[in-house]
K.L.:
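This is the structure, below, for whatever I ask next.
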Amino acid sequence: MLKAKVTVTLKDSIVDPQGSAAERVLTSMKYPVESIRIGKYMEVILSENDKVKAEEIMHEICQKLLANPVMEDYSFELEG
Amino acid sequence: MLKAKVTVTLKDSIVDPQGSAAERVLTSMKYPVESIRIGKYMEVILSENDKVKAEEIMHEICQKLLANPVMEDYSFELEG
Amino acid sequence: MEPKVWREMGLNDEEYARIEELMGREPNFLEVGIFSVMWSEHCSYKTSKPILKKFPTEGPQVLQGPGENAGIVDIGDNLAVVFKMESHNHPSATEPYQGAATGVGGMLRDVFTMGARPVAVLNALRLGPLEEENNKFLFNGVVSGISGYGNSIGIPTVGGDVYFNSCYNGIPLVNAMAVGLLEHCHIAKGVATGVGNPVMVVGARTGRDGIHGATFASIELSEESEAKRSAVQAGDPFMEKLLMEACLELIHAGAVVGIQDMGAAGLTSSSSEMASRGNSGIEMDLSLVPRRESGMTPYELMLSESQERMLIVPKAGREKEVEEVFARWGLEATVVGKVTDDGILRLLEDGQVVAEIPAKALTDQAPVYHRLSREPGYYQELKNIELNDLELKANVEDVLLGLLANPTIAGKEWIYRQYDHQAGTNTMVVPGGDAGVLRVRGTNKGIAMTTDCNSRYVYLDPYIGGALAVVEAAQNVACVGARPLAVTDCLNFGNPENPEIFWQFEKACAGVAEACRVLETPVIGGNVSLYNETPARTVYPTPLIGMVGLLEDLKHVLSNQFHSEGEQIYLLGESEGELAGSEYLALFENLEAGALPELNLQEIKKRLDFLLELNCAGLLLAAHDVTEGGLAVALAEMTEKYGVTINFDTKNKLKTLFGERLGRIIISTSKDDALRIESQAKTAGISLHRLGESGGDRLRISVNQVMCLDIPLNKYRSVFEQTISKIMETDVGF
Amino acid sequence: MKIGIIRFPGSGEGDCLEAWRVVGEEPVLIWHQETSVEGFDLIVLPGGFSYGDYLRAGALACFSPIMSAVLRFAQRGGLVWGIGNGFQILTEGGLLPGAFLCNAQLRFLCSPQYLRVERNDLAFTNQYRTGQVIQIPINHGEGNYSISDDGYRQLEENNQIVLRYVTPEGEMSANGNPNGSRANIAGIVNREGNVFGMMPHPERVMEEIIGGVDGQGMFLSILKHRERRTQHGA
Ligand SMILES: Nc1ncnc2c1ncn2[C@@H]1O[C@H](COP(=O)(O)OP(=O)(O)O)[C@@H](O)[C@H]1O
Ligand SMILES: [Mg+2]
């Protein structure tokens, strides 16, 4: 069993309305916030013990389902 | 300027409708997936250079806004 | 300049030569870029212009015809309806959620830019069959995108239509229509006039999104466009809502000379079109444009398609007021230039001139192409396929259930329950009716709206099919009790450089024009989307029609359901349909062919007038038009609560039960009024057939007094209601 | 009656305003940047999409200046009514317990919904019968009410559950639950009974011509409550 911690972020050129809205609220409250970008974080438990295979699988499911390659980038780390 | 990388996750006791759906889709596609939990990942740029202060600020805005303590946990890392 | 440059931007060599001629010199890179988007099909209509000229565009009700951001129609009481339909096909093929969402956003801006408050959205979707995963993915994404954008901005989505056909595999059509209301005195226009008036950019900041989106929308989808993927833009409905409130506030305060949304080709099209309409020039310093990303070049700033932005020309001296209104809504408003008198679009960067183009050269002097037209071989071939000998393929019950389980016919609740269709608390007929109906507050009136087009008909016979799209819209509007007022269109076709496609385009538009003329519904605006094809296929010609109608008295709103026992059921129009182009033929004979029934627009017009007359006299209880699947399906659709007992006297059971022929309407009336209706029809020379009556909880149909269908409501209603949901809720979910 | 409707950027205050007009009241719209709600008899947090529902529905609105005033108003016993997004703001702001997740089916849902009135001794529900089944539409993407086991026990013990999603027959089953809410919860009240949140939209069913009148009871209840209070000289 392996655990993958995945972060999915919006590509830089894509607007992030959520982040901007949170940013505006925090700056209006006088917090020293320059910018916020909001993405996704996922924890995937795999019933696969081979790290190399797990890595392949994770790339596949990130591209297919967990991230939208048109607008998002992803990265992940595998943990034993 | 400091960058905080924040992850917000649903507390274990809370069902995660999105995660379960993703899990169902992937298992139906025969991926060796045991479980998926979906949370948020945020990058906050602070106009604050003092790490200690930044840490305090981040706790405050996470508790107040970025996470909902009723159902979510958060953690963050600060980067120069 | 290297030919490679302009060719890559989508200009051909003659076009480039023309640019040099108009400019009187060699244009620079930025200038060529600006020409390339303004002269793209999407902005210039260079192919479609000669054809569109043939649409009737005038009528006593028309306050604003084509040429502005949206058309306007008078509804009395000093009020007017503004509406427009537009495609977002190509962006939706690449990113269905954002593609559809920004399509809705763009339509709404076109409407509030006219000074109107948007009151409703509709969406017309065309997709490949749901057996294929990719089509499910697209369908799911598009519906979520419309829902995501429309719902959160608080404008109800009250109607639309959807068809599934393999001609749309990989080429989904996503057309959105927005409808707004305004008082006559608040009409705003996209003009820049008044030398010295400031030019302001308001709303969202400009980023690098969707650069070359406009050209992108006009080229065939291919491997190449895969690589241009970043050209997709994302929307922010929250920002749009604020922008809408701020713009309406400003227009109503009388501070605005001209206003236009930044749609395709953003700053380029808005500035050159406003200058051109005002016979003025515009000078802008691009370094003043607020931006989201650093290091943007003038080229990127001019071509960016960042959403939720508008260009405003306020009255000189009222800049502060504009800024204040926008600031109150948390938005930016920035003066970037001024109106000039030289007719030139002049762009500066930090005070240096970087482009100088006559505005009219961009808007009015684009090339116009008279494309070759040739009748395709398939046309006569399919027309001549003999269908008259066909016999019913299965028993009537199985055919009916098969048709009801066809996603094109099945109930669309899975779609519209994801749309807020009641925001504003004005929706009297929610989706599922024949047309959406909203009351108009402060009056006793309502407005009805619908989108329609059966593209299989158009494919088989573009002229008749084009006309039928208008007929279907008109009959849907009439079936809720409203008088058809006017039309907006969205013409979705393949590559017009192919003479056979151009033939479809030309013929279909001629059919639309003729139907609009006879039905007295002028075309007040629209949109053209060409090049809807992949190397593998071309979409069926799909001239979508959006229509708005007026309900003079709210109490005459009509439902498409039987609501009581003993309603007397009649058919207005011919009792026999044809198999040509029918769903039956496609489903049970695997054939899309045949000669469509001859078009009789005058007769249909007479029938619709008769229907409205009966309704105004308070004689009708329900009305529903007969479309895909024919009479049996139409009856099944009307029987949510009450069953019916029907008899047809006919020689041809198949054509009577499942044949299709537009212009036919099922109506119901009380026992007391039945005779009156019969005699009025006789006097008016309208063909009317008594079919039977409502009651019980079964659908019972006999032919020549022999029972051929007797089926409990819940058996077929569950098929009708759950088909799409069942397909979509299995493993799409995420 | 002096009714204030808070207007956040993105909220749909118009529907609520029109609903009050149907029962003859003329509420005041209060811009979210204001800092006082003194003198009002009722504060309504309307439905809609405050701040675009970004981050979490209702989360950003909690930080509008007006919300501190609403909190004080509620603490002093003032009537506060949150509908849809308004309910989400109340939970995010800690005025009511629990939190909202996205609907179990992950889709936005706009549809008529049957509800059972569990309590009619409140300012908001006195015109209904206990156990009465009414039809009021829902319209949300994040209406899946979630609360810890402990929290739920307390809601039960203190009789704070006011509305539940049910089948047309009034049964509280999974079938009647449109969004996965815990124990079919559609509306709850605070212990004191003056802060009420509900996900369905009664303001959308105030007139027969737009789909029904089952929502009127809420509005009339509040007016009745006010009338009683005035009669008793409060
Ligand atoms: N994409 C859609 N969005 C909203 N409503 C839709 C959509 N598609 C269909 N509907 C609703 O379902 C009704 C029936 O659809 P359809 O079978 O296409 O009807 P018709 O043949 O009368 O045009 C439409 O009138 C509309 O109210
Ligand atoms: Mg119809």
Side-chain angles (χ1 to χ4, degrees), chain A residues 1-12 16 18-51 53-68 72-78, chain B residues 1-12 16 18-51 53-68 72-78:
Chain A
M1 218 128 84
L2 286 166
K3 183 190 215 171
K5 296 180 161 184
V6 186
T7 57
V8 176
T9 50
L10 280 175
K11 285 189 203 290
D12 284 344
D16 174 14
Q18 298 212 57
S20 322
E23 186 184 308
R24 276 199 299 277
V25 167
L26 287 172
T27 37
S28 78
M29 291 164 79
K30 306 280 180 273
Y31 284 105
V33 167
E34 288 282 303
S35 87
I36 303 190
R37 304 273 296 170
I38 302 186
K40 279 182 228 145
Y41 171 76
M42 305 173 209
E43 292 184 351
V44 183
I45 311 279
L46 295 168
S47 54
E48 170 64 68
N49 294 316
D50 182 324
K51 277 219 170 187
K53 276 199 198 147
E55 196 148 318
E56 245 172 59
I57 292 170
M58 282 309 299
H59 276 297
E60 225 180 287
I61 63 183
C62 282
Q63 278 158 23
K64 274 200 188 157
L65 185 75
L66 301 184
N68 174 354
E72 295 170 329
D73 297 321
Y74 69 87
S75 70
F76 61 84
E77 274 168 37
L78 279 173
Chain B
M1 218 127 85
L2 286 167
K3 183 190 214 170
K5 296 180 164 185
V6 186
T7 56
V8 175
T9 50
L10 277 177
K11 285 191 201 294
D12 287 341
D16 170 13
Q18 275 188 310
S20 327
E23 197 179 299
R24 273 197 307 275
V25 175
L26 288 173
T27 36
S28 79
M29 291 162 83
K30 305 274 178 280
Y31 284 105
V33 166
E34 289 282 305
S35 87
I36 303 191
R37 304 275 296 169
I38 300 187
K40 287 182 198 133
Y41 170 75
M42 308 177 202
E43 291 185 350
V44 182
I45 311 279
L46 295 169
S47 54
E48 170 63 67
N49 295 318
D50 183 323
K51 277 220 171 185
K53 274 198 198 149
E55 196 149 319
E56 245 170 59
I57 291 170
M58 281 310 299
H59 276 297
E60 218 178 296
I61 62 183
C62 283
Q63 278 158 21
K64 269 199 187 165
L65 182 71
L66 300 183
N68 177 347
E72 293 170 329
D73 296 320
Y74 69 87
S75 69
F76 62 85
E77 274 169 38
L78 280 173

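Note that the coordinates shown come from a computational prediction; the quantities given were computed from them, not determined experimentally.
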K.L.:
Please round to the nearest 0.5 Å and tell me the distance separating atom CD of Glu34(B) and atom CD of Glu48(A).
P.N.:
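Going from the CD atom of Glu34(B) to the CD atom of Glu48(A) covers 11.0 Å.
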
K.L.:
Kindly write out the residues that satisfy side chain to side chain donor-acceptor pair (under 3.5 Å) with Lys51(B), not counting sequence neighbours, or none if the list is empty.
P.N.:
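Side chain to side chain donor-acceptor pair (under 3.5 Å) list for Lys51(B), sorted by chain: empty.
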
K.L.:
Out of Ala54(A), Gly19(A), Ser35(A), Ala4(A), return the one with the most heavy atom pairs under 4.5 angstrom to chain B.
P.N.:
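Greatest number of close heavy-atom pairs with chain B: Ser35(A).
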
K.L.:
Nearest 0.5 Å, please: how far is CG in Asp73(B) from OG1 in Thr9(B)?
P.N.:
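Going from the OG1 atom of Thr9(B) to the CG atom of Asp73(B) covers 5.0 Å.
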
K.L.:
Top residue by heavy-atom pair count (under 4.5 Å) with chain A, among Ile36(B), Asp16(B), Val8(B)?
P.N.:
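Of the candidates given, the most pairs with chain A belong to Ile36(B).
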
K.L.:
With sequence neighbours left out, write down each residue that passes side chain to side chain donor-acceptor pair (under 3.5 Å) with Lys5(A), or none if nothing qualifies.
P.N.:
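Testing Lys5(A) for side chain to side chain donor-acceptor pair (under 3.5 Å), a comparison that skips the adjacent residues, returns Glu79(A).
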
K.L.:
Residues in side chain to side chain donor-acceptor pair (under 3.5 Å) with Lys53(A), at least two apart?
P.N.:
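Partners of Lys53(A) by the side chain to side chain donor-acceptor pair (under 3.5 Å) criterion come out as none, since no residue qualifies.
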
K.L.:
From Glu77(A) CD over to Met58(A) CE, what is the distance, rounded to the nearest 0.5 angstrom?
P.N.:
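Between Glu77(A) CD and Met58(A) CE, I get 11.5 Å after rounding to 0.5 Å.
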
K.L.:
Decide, yes or no, whether a salt bridge links Glu43(A) with Lys3(A) under the criterion of side-chain N to carboxylate O below 4.0 Å.
P.N.:
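Counted as a salt bridge, because a side-chain N and a carboxylate O are separated by less than 4.0 Å.
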
K.L.:
By number, which residues in residues 20-27 of chain A have some heavy atom less than 4.5 Å away from chain B?
P.N.:
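Heavy-atom contacts from residues 20-27 of chain A to chain B are Ala22(A), Leu26(A).
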
K.L.:
Go through the atoms of Leu46(B) and report whether side chain, backbone, both or neither lie under 4.5 Å from a heavy atom of chain A.
P.N.:
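Contact with chain A is through both the backbone and side chain of Leu46(B).
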
